[in-house]
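In each ligand, atom 1 is the first atom listed, and ligand 1 is the first ligand listed. Since the model is a prediction, treat every value here as computed from it, not as a measurement.
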Amino acid sequence: MANFPIKRLRRLRYNPSVRDLVRETVLTKNDLIYPLFVVPGQKIKKEIRSMPGVYQMSVDVIVEECKDVEKLGIPAVILFGIPEHKDEVGSGAYDPNGIIQKAVRAIKKGTNKLLVITDVCLCEYTSHGHCGVLNGEKILNDETVELLVKESLSHAEAGADIIAPSDMMDGRIGAIRKALDEKGFIETPILSYAVKYASGFYGPFRDAAESAPAFGDRRSHQMDIANGNEALREAETDIEEGADIIMVKPAGAYLDIIWRVKEKFGMPTAAYQVSGEYAMIKAAGRNNWIDEERVMIESLTAIKRAGADMILTYFAKDVVNYLQKVS
Ligand code: PBG
């Protein structure tokens with residue numbers, strides 16, 4: 001690279017049309033998955049304090065929302081449910097008439113081709129806010145996997161297009177795949193939250209999903225933020241167990257991990273720009289400390305450049321509106 005002045009990298013930067021020609025990464029609406037929070041009741045649309053522009057919605061409202069999302073051309077939503085009642089074993093998660101099951105049926109009926117992905121975990125459904133069955137303060141792995149299997153099956157039976165386990169129990173992908181196949185859901189893909197870190201960036205989500213743990217934290221099952229090689233072992237395990245899509249979460253602070261997972265396995269790879277990432281950009285934008293729209297696009301383009309094929313983001317609708325505006 002030392003042969004200046006023959007080599008001038010700025011030559012391709014002076015003219016905006018030349019910049020357009022050589023751009024390597026372009027965000028499109030097809031990259032986006034929009035997360036939604038479903039609550040019991042009717043006509044409810046309640047903004048989440050720490051996530052401006054994101055709402056808890058009742059089933060009737062969410063169906064209308066999904067029609068808009070489909071009209072915008074966003075291919076998929078992912079649903080999180082807040083049940084009427086919580087208990088020790090999270091029964092609301094696998095109730096055939098639970099909040100998610102109702103929402104999936106209504107959305108599939110009210111839309112044409114919108115993909116409905118369901119998050120599979122127990123933390124929103126347990127009275128203690130932990131992701132599994134407890135013995136004292138310990139989350140039991142294998143007993144929890146049994147319930148996650150029930151939850152996944154009930155989502156598939158309600159009509160979910162893709163099942164997305166986010167719990168980080170060992171062995172759940174294999175168990176869920178086997179159960180889905182036995183019930184005839186051989187064509188239903190699993191999007192595994194394979195590489196999920198015990199992250200502070202999930203703070204606002206716990207307001208949104210009312211799922212903060214009553215004691216302790218999630219470090220006994222989610223990954224240590226300091227580990228990279230372990231991410232590859234997590235991804236490999238889930239791929240072997242039958243995951244069709246691998247997720248890395250959070251996204252922005254883990255671009256190296258997205259890159260390594262994509263390079264090593266070449267699998268369809270998802271990344272989750274989580275609630276805290278969204279909240280920080282929103283808050284700084286509202287204070288005019290940063291240009292919100294610009295940082296939104298920059299953060300998502302970086303996630304795609306790192307190797308993500310799809311991005312779960314609370315900005316999904318804003319991105320499509322922006323892309324329409326600039327095109
Ligand atoms: C678990 C789940 C969480 C998120 C997605 N699925 C919370 C957690 O693990 O504590 C976080 C998403 C976000 O922060 O936007 N059901």
Run the numbers for me: atoms of ligand 1, each under 4.0 Å from some heavy atom of [X], listed by number.
X: S166; answer: 1 (C), 2 (C), 6 (N), 16 (N)
X: C123; answer: 1 (C), 16 (N)
X: Y314; answer: 12 (C), 13 (C), 15 (O)
X: F80; answer: 5 (C), 6 (N)
X: Y272; answer: 12 (C), 15 (O)

Quiz item: For I173, which of D238, V145, I163, T237 qualifies under side-chain contact (heavy atoms from CB on, under 4.5 Å)?
Solution: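 So, applying the side-chain contact (heavy atoms from CB on, under 4.5 Å) to I173 and each of D238, V145, I163, T237, only D238 qualifies.
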Quiz item: Is there a side-chain contact between Y193 and D119 (heavy atoms, below 4.5 Å)?
Solution: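 Yes, side chains in contact.
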Can you measure from [atom1] ([X]) to [atom2] ([Y]) and round to the nearest 0.5 angstrom?
X: R177; Y: T188; atom1: CZ; atom2: OG1; result: 6.5 Å
X: R305; Y: W259; atom1: CZ; atom2: CH2; result: 9.5 Å
X: M296; Y: D291; atom1: CE; atom2: CG; result: 9.5 Å

Quiz item: Considering E124, K249, H221, R218, which one's heavy-atom position lies nearest to atom 6 (N) of ligand 1?
Solution: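 The residue whose heavy atom sits nearest atom 6 (N) of ligand 1 is K249.
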Quiz item: Which of the listed options, H130, K196, Q273, holds the heavy atom that is closest to atom 2 (C) of ligand 1?
Solution: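 It is K196 that holds the nearest heavy atom.
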Report the nearest protein non-hydrogen atom to [atom]: residue, atom name, distance rounded to 0.1 Å.
atom: atom 14 (O) of ligand 1; result: S275 OG, 2.7 Å
atom: atom 12 (C) of ligand 1; result: F205 CD1, 3.2 Å
atom: atom 10 (O) of ligand 1; result: R206 NH2, 2.6 Å

Is it the side chain, the backbone, both or neither of [X] that has a heavy atom closer than 4.0 Å to ligand 1?
X: D119; answer: side chain
X: C121; answer: side chain
X: Y278; answer: neither

Exercise. Taking the six-membered ring for Trp and the full ring for Phe, Tyr or His, determine whether the centres of Y55 and F37 are under 6.0 Å apart.
Key: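 No, the ring of Y55 stays outside the 6.0 Å limit from the ring of F37, centre to centre.
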Quiz prompt | Distance flag, aromatic centroids of F80 and F205, threshold under 6.0 Å | solution =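 Ring centroids of F205 and F80 are less than 6.0 Å from each other.
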Practice problem: May I ask you to decide if K113's main-chain N or O and E70's side chain share a donor-acceptor pair within less than 3.5 Å? | Solution: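 Yes, because the side chain of E70 sits within donor-acceptor range (under 3.5 Å) of the backbone of K113.
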Quiz item: Ignoring hydrogens and geometry, is there a side-chain-to-backbone donor-acceptor pair from D217 to R219 under 3.5 Å?
Solution: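 At least one qualifying donor-acceptor pair exists.
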Quiz item: Are Q222 and ligand 1 in contact, using a heavy-atom cut-off of under 4.0 Å?
Solution: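 Checking ligand 1 against Q222, which is what was asked, there is a heavy-atom contact under 4.0 Å.
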